[in-house]
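Remarks on the structure that follows.
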Amino acid sequence: KFPGITFSVKSKTYSGGASIDVRWTDGPIAKRVEAITSRFTGASFDGMTDLQSTQYHTVDGRPVRYGANYVLPHRTMSATLLRRAAETIARQYSVPAPEVIDGPGGAYINRLNYQSPGDLAVQLAMTLPA
């Protein structure tokens with residue numbers, strides 16, 4: 001579905017069930033990946049009632065429950081993508097672009113001593129390319 005993007009898929013088991021983590025850098029936003037991976041979840045959770053429920057899917061007319069309770073997408077942004085987005089949005093607001101740091105868990109914006117109209121970091125999180 002997403003040519004050129006490499007995904008890492010790892011499963012975990014724990015006392016209450018199992019989960020699958022799907023990780024990638026740059027590429028599609030998490031919602032686009034979740035639109036595909038959500039078809040393979042075996043449970044749903046209602047935080048209001050603190051209740052986990054079994055979730056069934058239909059395959060070839062038969063009910064199926066997948067083994068992993070949850071399939072969780074995790075997108076990491078490269079410093080190159082985040083810097084490009086920061087510079088684009090900074091130009092839009094006519095403010096200096098913030099410093100982008102390439103950390104061990106992915107790139108992030110150094111928000112120390114940085115203030116801008118419309119909070120640039122929030123704008124970045126909401127407008128990064130899909």
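Throughout, numbering of the chain's residues begins at 1 and tracks the sequence.
Rounded to the nearest 0.5 Å, atoms CZ (Arg23) and OG1 (Thr6) are 15.5 Å apart. To the nearest 0.5 Å, the span separating CZ on Arg75 from NZ on Lys31 amounts to 13.5 Å. Taken to the nearest 0.5 Å, the CG atom of Asp26 stands 4.5 Å off from the CG atom of Leu81. Here the NZ atom belonging to Lys12 is positioned 4.5 Å from the CG atom belonging to Asp21, to the nearest 0.5 angstrom. Between Met77 atom CE and Asp102 atom CG the span is 11.5 Å, to the nearest 0.5 Å.
Contact detail for Ala79 and Val100: the closest heavy-atom pair is O-CG1, 4.0 Å. Across all their heavy atoms, Val33 and Pro28 have their closest contact at CG2-CG, 3.7 Å. Ser8 and Lys10 get closest at one heavy-atom pair: OG-CE, 3.9 Å. The shortest non-hydrogen separation linking His57 to Arg39 is CE1-O, 3.1 Å. Nearest approach of Asn69 to Thr41, heavy atoms of both residues: O-CB, 3.6 Å. Across every non-hydrogen atom of Gln55 and Ser44, the tightest pair is OE1-CB, 3.8 Å.
Here the side chains of Phe2 and Arg32 are in contact, with some heavy-atom distance below 4.5 Å. Counting heavy atoms from C-beta on, the side chains of Ser11 and Ile20 come closer than 4.5 Å. The closest side-chain heavy-atom distance from Val71 to Ser38 is not below 4.5 Å. Between Ser53 and Phe45, every side-chain heavy-atom pair lies at or beyond the 4.5 Å cut-off. A 4.5 Å side-chain heavy-atom check between Lys1 and Ile36 finds at least one atom pair inside the cut-off.
Tyr70 and Trp24 are not part of a single hydrophobic cluster, where members link through side-chain heavy atoms under 4.5 Å apart. Tracing side-chain contacts under 4.5 Å through hydrophobic residues (I, L, V, M, F, W, Y), one never reaches Leu72 starting from Ile29; they form parts of separate clusters. Linking ILVMFWY residues whenever their side-chain heavy atoms come closer than 4.5 Å, directly or via other members, leaves Tyr56 and Val59 in distinct clusters.
In this structure, Phe7 places its CZ atom where more than 12 heavy-atom neighbours from other residues, nucleotides or ligands lie under 6.0 Å away.
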